[in-house]
Colleague: 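Sharing a structure below in structure tokens format, with a few things to ask.
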Amino acid sequence: MSSTPESHPRTPGNHPPADQGHPRTADSGPRTHESGPRTPGDGPRTPGSGPRVVVIGAGIVGCSLADELTARGWTDVTVLEQGPLPAPGGSTSHAPGLVFRTSPSKTLAEFAAYTVEKFSSLEVDGVPCFLPVGGLELATTPERLADLHRRAGYAASWGIRGEIVSAARCKELWPLLDESVVLGGFHTPDDGLAHALLAARAQLDRAAARGARFLDRHTVTGIEQQGGRVTGVVTDRGVFPADHVVSAAGFWGPVIGRMAGVDVPLQPLAHQYARTRPLSELAGATAEATRPILRFQDRDLYFREHTDRIGIGSYAHRPLPVDPFAVPAYEEARAQGMDMPSSCPFTPEDWAPSWQDCLRLLPALGGTEIETGFNGVFSFTPDGMPLLGETRRLRGFWLAEAVWVTHSAGVARAVAEWMVDGRPSADVHECDLTRFEEAQRSPSYVRERGAQQFAEVYDVLHPLQPMEQPRPLRVSPFYARQRELGAFFLEGGGWERPHWYETNAALTDSLGDLPERDAWSSRYWSPVAAAEARATREKVALYDMTPLRRLEVTGPGALAFLDRMTTNNLRKKPGAVTYTLLLDESGGVRSDLTVARLAPDRFQVGANSPADLDWLLRHAPSDVHIRDITSGTCCVGVWGPLARALVQPLTRDDFSHEGFGYFRAKRTHLGQVPVTAMRLSYVGELGWELYTTADLGLRLWDTLWEAGRDLGVVAAGRSAFNSLRLEKGYRAWGTDMTDEHTPFEAGLGFAVRMDKGDFVGREALLGLPEPARRLTPLLLDDPATVVLGREPVHVDGAPAGYVTSASYGYTLGRCVAYAWLPAGLAPGTGAHIEYFGEKVPATVAEEPLFDPEMTRIRR
Ligand code: FAD
Ligand code: THG
């Protein structure tokens with residue numbers, strides 16, 4: 001049951017391995033391990049089963065992946081490693097192995113949970129691969145303490161045990177702390193230390209016992225391909241034919257990527273790690289570590305014990321980018337006096353300020369000094385998330401890169417499932433290698449963003465906080481006007497997106513009293529958003545929808561293709577627009593789309609992430625042509641009760657309710673501007689999305705602005721937009737639902753036509769039991785409180801789920817929060833949302849919260 005059948009030639013049964021484990025060689029054939037240790041995989045092998053897989057890199061990711069693949073019966077696995085096993089010299093070879101599972105990302109938290117679970121069951125020669133010493137994050141400022149409460153919320157949302165503890169308790173947990181510096185901490189008793197190299201070894205042994213082979217001192221120099229599929233891997237010791245190749249080369253990813261003709265948007269940066277000499281306070285210690293792994297985020301530092309020494313890592317220094325193409329090979333690195341290729345010489349000048357911070361926190365360090373240190377290299381991506389998945393450019397070529405030890409086992413499981421079953425069981429869209437726009441893959445962008453990710457590793461980051469550089473990158477044709485109107489921009493997908501317009505501030509006078517907001521939820525927020533929301537509900541507003549992804553799907557097979565790919569009925573006359581879902585083979589929601597049939601063989605698809613384009617391209621037959629037209633076009637949403645009064649005078653076409661129905665599309669001219677108008681609205685008001693080409697965008701904006709002047713038209717931003725769409729109950733894919741959820745759980749069953757004939761995911765939906773969970777709307781009881789998203793929800797005093805998105809509903813006068821909760825909670829059921837450690841009362845509401853009769857849209 002592969003979701004991308006043509007990309008996974010899953011040859012079941014036996015597949016004779018290439019020459020019984022011997023690569024084709026131009027010269028003498030493969031060398032066995034003269035320098036590396038023998039592994040069970042060295043010996044004579046029985047033929048493996050499954051397709052031939054070559055994994056590049058025997059770091060923690062490569063070893064974990066070999067284990068997960070062979071555990072699933074794909075045993076024809078060859079792991080090629082340039083360095084010597086068991087410590088080949090990548091990032092894994094010197095990772096101190098701290099595993100803190102808590103993250104704003106549910107996906108990362110789940111990856112980490114699996115790593116802990118798996119490593120806890122592994123040992124090598126009686127030495128455990130995981131030490132459950134716990135984790136402790138410290139606050140030395142009130143802001144950080146508040147942030148720890150927020151992190152405790154994430155932990156609760158994702159099922160991680162943890163509690164906020166007092167300074168005294170921190171001292172108990174870590175007696176070397178100067179308690180007077182600390183305000184409190186977040187203690188996670190099940191976090192701990194991974195023995196990265198041992199865990200790699202244990203997984204290598206297991207995989208080898210199942211038939212995988214690990215060949216060290218094999219440097220990959222090329223990727224062979226034919227007809228868009230990978231066919232083999234070239235090394236300095238011969239060629240290894242392959243059906244699947246996984247680059248698990250860590251920060252060398254871009255080097256391997258170049259061989260395959262694939263962008264790998266990651267930037268290697270060096271990060272300082274040092275160890276002290278023995279501390280007299282720890283004299284006599286025998287265990288490797290007994291105290292929790294420790295984070296001092298206010299000073300970008302972390303600590304762990306090494307028996308009677310302390311290891312200290314720092315992100316406090318300037319970013320130290322490393323060019324992956326210039327990293328010396330293992331022997332060369334040794335010759336240059338480096339310990340291994342991934343460890344650069346320690347730069348004491350970068351360390352000096354941090355040492356003072358260390359002394360302040362752990363005064364006992366005054367009695368010792370740094371004994372050894374190095375600048376260790378690892379990967380940073382533009383958004384801090386891993387790069388996973390199969391590239392479309394080169395089928396069969398996969399990435400499993402930019403992965404911390406913390407997430408390694410979870411990542412390996414997900415990638416193995418993806419390869420073997422066609423899809424991972426976890427939601428990995430945040431890690432999908434297709435998620436970056438082309439404009440986000442330039443080396444310069446990747447370098448700048450990577451450096452900023454490094455600098456921000458431990459910063460208190462607001463969920464709306466944009467990256468600072470490089471901005472502005474992508475702007476809509478209305479940008480000049482937006483600036484004139486005082487737009488406050490945030491960035492998304494490289495786009496500058498107005499969140500509100502300061503020139504609307506005058507409108508707030510008539511609003512009446514808005515509840516006072518706490519400092520955190522006031523960030524990246526303005527009361528002006530309330531005024532813009534009100535103007536949309538009462539008059540008319542212009543929304544820049546240019547960043548909304550638009551695909552043009554054309555060709556004789558277009559209708560049949562879209563019909564097969566999505567859930568709703570698309571067999572309607574040209575002029576129809578349909579809200580429909582992209583499902584994967586197991587019925588998970590991959591995206592929600594609008595499909596406008598503009599001509600018999602021409603469709604415009606309103607989509608979400610770049611992954612949608614990738615998914616459609618992967619499945620498209622040869623008589624269907626798909627083009628992303630986002631960049632060359634633009635879109636304005638004109639919404640509000642006066643939208644018709646604004647637009648009608650600009651055109652001779654009939655924009656009345658009868659002449660231009662809801663969810664219909666029309667080609668027309670507005671003034672001099674040719675537009676495609678679609679009558680739909682994500683904000684739940686009468687109006688149109690108006691599309692034109694980028695060159696005419698400014699003219700379109702000005703035409704609408706002029707026409708709306710007497711009607712009191714305003715420009716409105718995403719802050720109002722998000723509030724209005726939540727009042728209307730419109731889901732945002734990726735936040736409210738993902739491919740982990742079925743349409744029925746997500747409340748999107750209305751967009752599924754089971755009787756229309758076959759479509760991707762249909763069969764899986766047939767066998768589904770009644771949903772056990774549902775995306776459930778909550779209204780906060782106190783009109784003065786807000787939550788922001790990802791907070792835990794308690795029902796009957798017990799954790800029951802988590803908030804997806806939330807926003808103050810200015811029309812409803814309450815904060816709206818959507819949450820994944822057990823099915824069957826009747827409207828009126830009480831719940832509590834945990835916000836910065838406080839339990840905020842909320843009530844399950846009935847959908848839709850606003851305008852259930854649809855009188856505002858359908859008129
Ligand atoms: P690697 O371990 O780098 O493995 C990639 C392998 O690919 C290498 O062995 C390399 O030799 C091989 N390779 C590359 N090119 C080729 C080629 N052409 N042919 C053949 N083989 C090739 N993470 C945590 O979770 N917790 C921590 O506390 C932590 N602390 C860290 C501290 C430091 C100082 C550093 C540097 C990193 C730290 N990390 C930590 C990050 C973590 O170490 C890495 O993210 C992780 O080890 C990456 O594993 P990997 O298998 O992807 O890469
Ligand atoms: N506009 C366009 N395309 C889009 C979006 C958009 N594609 C991606 C994303 N946004 C899709 N999300 C939605 C969500 C809800 C609606 C439209 C797009 C919507 N739903 C109505 C409802 O649920 O009542 C109508 C559904 C129906 O009649 O079938 O309008 O913003 N172009």
Side-chain angles (χ1 to χ4, degrees), residues 55-65 79-83 85 87-100 112 115 193-194 196 200 215-221 233 235-236 247-253 255-256 259 268-273 293 302 304 311 313 324 327 329-330 340-343 374-379 386 400-408 411 545 548-550 568 577-580 591-596 604-608 612 635 637 662-663 678 680-684 689 691 725 728-733 747-748 750-751 848 854 857:
V55 177
I56 303 170
I60 192 69
V61 174
C63 291
S64 290
L65 184 60
V79 182
L80 301 173
E81 168 56 57
Q82 65 187 0
L85 284 166
S91 309
T92 305
S93 297
H94 51 56
L98 289 78
V99 178
F100 286 94
T115 301
L193 276 170
L215 302 176
D216 65 354
R217 296 189 185 277
H218 280 63
T219 300
V220 172
T221 55
V233 175
T235 73
D236 55 347
S247 179
F251 69 80
W252 285 271
V255 181
I256 304 294
M259 296 174 197
L269 287 134
H271 145 70
Q272 292 199 301
Y273 191 77
I293 52 174
Y302 65 83
R304 58 157 290 184
V327 173
Y330 193 89
M340 53 181 78
S342 62
S343 77
F374 62 96
N375 293 1
V377 183
F378 71 111
S379 307
E401 259 143 16
V403 179
W404 286 31
V405 171
T406 301
H407 310 117
S408 57
V411 161
M545 299 291 288
L548 175 81
R549 183 173 311 281
R550 291 173 287 289
N568 212 336
V577 184
T578 309
Y579 177 69
T580 186
S591 190
D592 64 341
L593 310 174
T594 56
V595 175
Q604 182 169 317
V605 174
N608 289 299
D612 295 351
C635 179
Y662 183 53
F663 267 78
M678 289 185 204
L680 62 102
S681 162
Y682 206 77
V683 302
E689 290 177 349
Y691 299 88
R725 70 110 185 150
K728 198 68 194 109
Y730 293 162
R731 278 77 167 133
W733 187 84
L748 296 172
F750 69 87
M854 299 287 280
I857 307 184

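First listed ligand is number 1; within each ligand, the first listed atom is number 1.
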Colleague: Does ligand 2 come near enough to Arg731 that some N or O of the ligand is less than 3.5 Å from an N or O of the residue?
Modeller: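 The answer is no, given that Arg731 and ligand 2 share no N or O pair closer than 3.5 Å.
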Colleague: Does an N or O from Gly606, backbone or side chain, lie closer than 3.5 Å to an N or O of ligand 2?
Modeller: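 N/O-N/O distance under 3.5 Å: yes.
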Colleague: Under 3.5 Å between some N or O of ligand 1 and some N or O of Tyr273?
Modeller: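 Between Tyr273 and ligand 1, no N or O pair is found under 3.5 Å apart.
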Colleague: Who's the nearest protein heavy-atom neighbour of atom 48 (C) of ligand 1, and how far?
Modeller: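 The closest one turns out to be Val403 O, 3.2 Å.
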Colleague: Strictly under 4.0 Å, does any heavy atom of Ala607 approach an atom of ligand 2?
Modeller: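 Judged by the 4.0 Å heavy-atom criterion, Ala607 does count as contacting ligand 2.
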Colleague: Nearest protein heavy atom to atom 30 (O) of ligand 2, by residue and atom, and its distance?
Modeller: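 The protein heavy atom lying closest is Phe663 CZ, 3.4 Å.
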Colleague: What part of Leu548, side chain, backbone, both or neither, has a heavy atom within less than 4.0 angstrom of ligand 2?
Modeller: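 Contact part for Leu548 vs ligand 2: side chain (C-beta onward).
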Colleague: How far is atom 29 (O) of ligand 2 from the closest protein heavy atom, and which atom is that?
Modeller: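 Nearest protein contact, heavy atoms only, for atom 29 (O) of ligand 2 is Tyr579 CB, 3.7 Å.
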Colleague: Looking only at protein heavy atoms, identify the closest one to atom 2 (C) of ligand 2 and say how far it is in Å.
Modeller: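 Looking only at protein heavy atoms, the one closest to atom 2 (C) of ligand 2 is Thr594 OG1, 3.1 Å.
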Colleague: Would you mind running through ligand 1 and noting each atom that sits below 4.0 Å from a heavy atom of Gly376?
Modeller: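 By the 4.0 Å cutoff, the relevant atoms are 36 (C).
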Colleague: Could you check which of Tyr691, Tyr682, Tyr730, Trp733 puts a non-hydrogen atom nearest to atom 21 (C) of ligand 2?
Modeller: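 Of the listed residues, Tyr730 has the closest heavy atom.
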Colleague: Below 4.0 angstrom from a heavy atom of Gly59, which ligand 1 atoms are there? Numbered from 1 as shown, please.
Modeller: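 Every atom of ligand 1 under 4.0 Å from some heavy atom of Gly59: 2 (O), 4 (O), 51 (O).
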Colleague: Can you sort out which atoms of ligand 1 are near Pro88, meaning under 4.0 Å from one of its heavy atoms?
Modeller: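 It comes down to these atoms of ligand 1: 9 (O).
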Colleague: Under 4.0 Å from a heavy atom of Val61: which atoms of ligand 1 are those, numbered in the order shown and with their elements?
Modeller: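 Matching atoms, with element in brackets: 50 (P), 51 (O), 52 (O).
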Colleague: Provide the number and element of each atom of ligand 1 under 4.0 Å from a heavy atom of Gly57.
Modeller: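 Matching atoms, with element in brackets: 6 (C), 7 (O), 12 (C).
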Colleague: Would you mind running through ligand 1 and noting each atom that sits below 4.0 Å from a heavy atom of Leu98?
Modeller: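 Answer, ordered by atom number: 24 (C), 25 (O), 26 (N), 27 (C), 28 (O).
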Colleague: Can Thr578 and Asn568 be counted as having a side-chain donor-acceptor contact under 3.5 angstrom?
Modeller: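 No, no side-chain donor-acceptor pair sits under 3.5 Å.
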Colleague: Any N or O of Asp592 that comes nearer than 3.5 Å to an N or O of ligand 2?
Modeller: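 Yes, there is a polar N/O contact under 3.5 Å.
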Colleague: So which protein heavy atom does atom 43 (O) of ligand 1 come closest to, and at what separation?
Modeller: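 That would be Ala95 CB, 3.3 Å.
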Colleague: Can a donor-acceptor pair be found between the side chains of Asp592 and Tyr579 at a distance below 3.5 Å?
Modeller: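 Indeed, the side chains of Asp592 and Tyr579 share at least one donor-acceptor pair under 3.5 Å.
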Colleague: Out of Leu85, Val79, Leu80, which one pairs with Asp216 under the side chain to side chain contact (heavy atoms under 4.5 Å, CB included) rule?
Modeller: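 Considering Leu85, Val79, Leu80, a side chain to side chain contact (heavy atoms under 4.5 Å, CB included) with Asp216 is found only for Leu85.
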Colleague: With a 4.0 Å heavy-atom cut-off (strictly under), which part of His407 contacts ligand 1: side chain, backbone, both or neither?
Modeller: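 Looking at His407 and ligand 1, no heavy atom falls under 4.0 Å.
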Colleague: Quick one: which ligand 2 atoms are inside 4.0 Å of a heavy atom on Glu689?
Modeller: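 Listed by number with element: 1 (N), 2 (C), 6 (C), 31 (O), 32 (N).
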Colleague: Answer with yes or no whether Ala196 contacts ligand 1, where contact means a heavy atom under 4.0 Å from a ligand atom.
Modeller: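 Checking ligand 1 against Ala196, which is what was asked, there is no heavy-atom contact under 4.0 Å.
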Colleague: Is the closest N or O pair between Ser91 and ligand 1 shorter than 3.5 Å?
Modeller: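 Yes, there is a polar N/O contact under 3.5 Å.
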Colleague: Give a yes or no on whether the backbone of Gly59 and the side-chain of Thr92 come within a donor-acceptor separation of less than 3.5 Å.
Modeller: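 No, the answer is negative, given that no donor and acceptor are paired below the 3.5 Å cut-off.
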Colleague: Which residue and atom name correspond to the protein heavy atom nearest atom 21 (N) of ligand 1, and how close is it?
Modeller: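 Result: Gln82 N, 3.0 Å.
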Colleague: What are the two closest heavy atoms between Val403 and Ser408, and how far apart are they?
Modeller: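 Smallest heavy-atom distance, with atoms named: CG1-CA, 3.7 Å.
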Colleague: Considering only protein heavy atoms, which is closest to atom 26 (C) of ligand 2, and at what distance to one decimal place?
Modeller: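 Checked against all protein heavy atoms, atom 26 (C) of ligand 2 sits closest to Phe750 CE1, 3.7 Å.
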Colleague: Is the distance between the ring centroids of Phe374 and His94 under 6.0 Å?
Modeller: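 Yes, they do, as the ring centres are separated by less than 6.0 Å.
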Colleague: Could you list which atoms of ligand 2 come closer than 4.0 Å to a heavy atom of Leu680?
Modeller: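 Close to Leu680: 1 (N).
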Colleague: Assess Gly89 for proximity to ligand 1: is some non-hydrogen atom of it under 4.0 Å away?
Modeller: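 Gly89 does not count as a contact of ligand 1 under the 4.0 Å cut-off.
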Colleague: Would one find an N or O of Gly83, backbone or side chain, under 3.5 Å from an N or O of ligand 1?
Modeller: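 No; every N/O pair is 3.5 Å or more apart.
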Colleague: Report, in ascending order of atom number, the atoms of ligand 1 lying under 4.0 Å from any heavy atom of Thr219.
Modeller: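 In order of number, 19 (N).
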Colleague: Record the part of Asn608 in heavy-atom contact with ligand 2 below 4.0 Å; permitted values are side chain, backbone, both and neither.
Modeller: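 Answer for Asn608: side chain.
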Colleague: Under 4.0 Å from a heavy atom of Thr406: give me the atoms of ligand 1 that qualify, with their elements.
Modeller: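 Counting atoms of ligand 1 from 1, those under 4.0 Å from Thr406 are 24 (C), 25 (O), 26 (N).
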Colleague: Using a 3.5 Å cut-off on N or O atoms only, is Glu81 in polar contact with ligand 1?
Modeller: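 Yes - when backbone and side-chain N and O of Glu81 are compared with those of ligand 1, one distance drops under 3.5 Å.
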